[in-house]
Amino acid sequence: MHPPSSPPASLNELLDRAQALAGFTLGELAELANIAIPSSFQRHKGWSGQLLELWLGAEAGSKPQQDFPDLGVELKSIPVDNTGFPLETTYVCYTHLTGISQLDWESSNIRNKLSQVLWVPIQGDRAIPPAARQIGSAFLWQPSSEQLAILRQDWEEIMEKIALGQIESITARQGEALQLRPKAANGSALTDAIGQQGKIIKTRPRGFYLKKNFTHQIIQQAFNPEHF
DNA sequence: CTTTGATCATGG
DNA sequence: CCATGATCAAAG
């Protein structure tokens, strides 16, 4: 068994690749791919996601688009506890804080990324060393009309505040499913934003994240569909 | 214990 | 700096 050398040609091929990883530990997959295994994620926070990209054949890089653009699929790993509850929020995308000419959800980057997501649960309990963390059953998700409406409302409320120069009053508590949080290498990173009276100010870069209750609902829906 | 705000690594 | 992959850790 070895990582694929090319992107999946079809959705079924992608799903087959993902399902084949279920049950393996991160350590096993890293070893098969000849990749060094970190003893902690403290300095390797994105390691799991990048390992999955390798094994699923995603294009490397950091382009503001889906991981599998030809298939219309975004890849997300999600750390879960032994009951399947998410242990962390899920980063979705970077946020532009200026040049917001229109609040157009349908053509937004976040709408595109969340239109179809391949979720890959991974044991995330901090007591389990990275090498021993097991991969779960991946599943494909498309937001329901209800979920889409919540996401859209959260996004529009947040973007409106940004456009009105109220970025500094937005906290992670705002939003039912989405939240806006700092997203940068460190505290010294600054970017342009709209301030009061429409003046350009400098602020910490932000990104959109999915709250845990929302991703938990997605996971429940996938494994207990009869309850929905 | 949980969550918000901060941070780490990498490639453009 | 932007944007990706995320988790850390101080604060509540």
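Within every chain, numbering begins at 1; the chains are lettered A, B, ... in the order of the sequence lines, protein sequences first and strands thereafter. If you're wondering where the values come from, they're calculated on a predicted model, not measured in any experiment.
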So which nucleotide from B:dG5, C:dT4, C:dC8 ends up closest to the side chain of A:N109? C:dT4
Taking atom types as modelled, find out whether A:T171 and A:R181 have a side-chain donor-acceptor pair closer than 3.5 angstrom. no
It should be established whether A:R173 places a side-chain nitrogen or oxygen under 4.0 Å from OP1 or OP2 of nucleotide B:dG5. yes
Assign A:G49 to base, sugar-phosphate, or nothing according to its heavy-atom contacts below 4.0 angstrom with the strands shown. sugar-phosphate
So A:P64, base contact, sugar-phosphate only, or nothing? Heavy-atom distance under 4.0 Å. sugar-phosphate
So what does A:S77 hit on the nucleic acid, given a heavy-atom distance under 4.0 Å: a base, only sugar-phosphate, or nothing? sugar-phosphate
Donor + acceptor pair across side chains of A:N12, A:S10 (<3.5 Å): no
Note: for A:R43 and A:T171 on DNA chain B, the residue whose nearest nucleotide lies more 5' is A:T171
Does any donor-acceptor pair link the side chain of A:K113 with the base of C:dT4 at a separation under 3.5 Å? no
State whether a side-chain donor-acceptor pair under 3.5 Å links A:Q153 with A:W105. no
Separation of A:H44 atom NE2 from B:dT10 atom P, in whole Å? 8 Å
Under a 4.0 Å threshold between the charged nitrogen and the carboxylate oxygen, would A:R152 count as salt-bridged to A:E106? yes
Is A:E168 atom CD crowded by more than 12 heavy atoms from other residues, nucleotides or ligands, each under 6.0 Å away? yes
Would you say the side chain of A:K63 and the base of C:dT4 hold a donor-acceptor pair, judged only by whether the two atoms sit under 3.5 Å apart? no
Does the side chain to side chain contact (heavy atoms under 4.5 Å, CB included) test come out yes or no for A:F208 and A:Y94, once each step is laid out? CA-CA 6 Å; A:F208 281 109; A:Y94 192 77; over 6 Å; no
Under 4.0 Å between a side-chain N or O of A:T191 and OP1 or OP2 of C:dC2? yes
Atom CZ of A:R204 to atom P of B:dT7: distance rounded to whole Å? 9 Å
Distance below 4.0 Å between A:R126 side-chain N/O and C:dC8 OP1 or OP2: yes
Just call it for A:E88: base, sugar-phosphate, or nothing, with non-hydrogen atoms closer than 4.0 Å on any strand. base
Examine B:dT4: is either OP1 or OP2 under 4.0 Å from a nitrogen or oxygen in the side chain of A:Q179? Give yes or no. yes
By the 4.0 Å heavy-atom rule, please label A:K76 as base, sugar-phosphate, or nothing. sugar-phosphate
Under 4.0 Å, heavy atoms only, any strand: does A:L87 hit a base, just the sugar-phosphate, or nothing? nothing
Which nucleotide sits closest to the side chain of A:P205: C:dG5, B:dC8, C:dC2? C:dC2
Looking at A:N186, I'd like to know whether one of its side-chain N or O atoms comes within less than 4.0 Å of OP1 or OP2 on B:dA9. no
A:Y91 near the nucleic acid: base, sugar-phosphate alone, or nothing, with a heavy-atom cut-off under 4.0 Å? base
Identify whether any heavy atom of A:E74 sits under 4.0 Å from a base atom; if not, whether one sits that close to sugar-phosphate; answer base, sugar-phosphate or nothing. sugar-phosphate
What's A:K183 touching, base or sugar-phosphate or nothing? Going by heavy atoms closer than 4.0 Å. base
Using OP1 and OP2 only, check whether a side-chain N or O of A:R181 sits under 4.0 Å from B:dG5. no
At under 4.0 Å, does any side-chain N or O of A:H96 touch on OP1 or OP2 of C:dC2? no
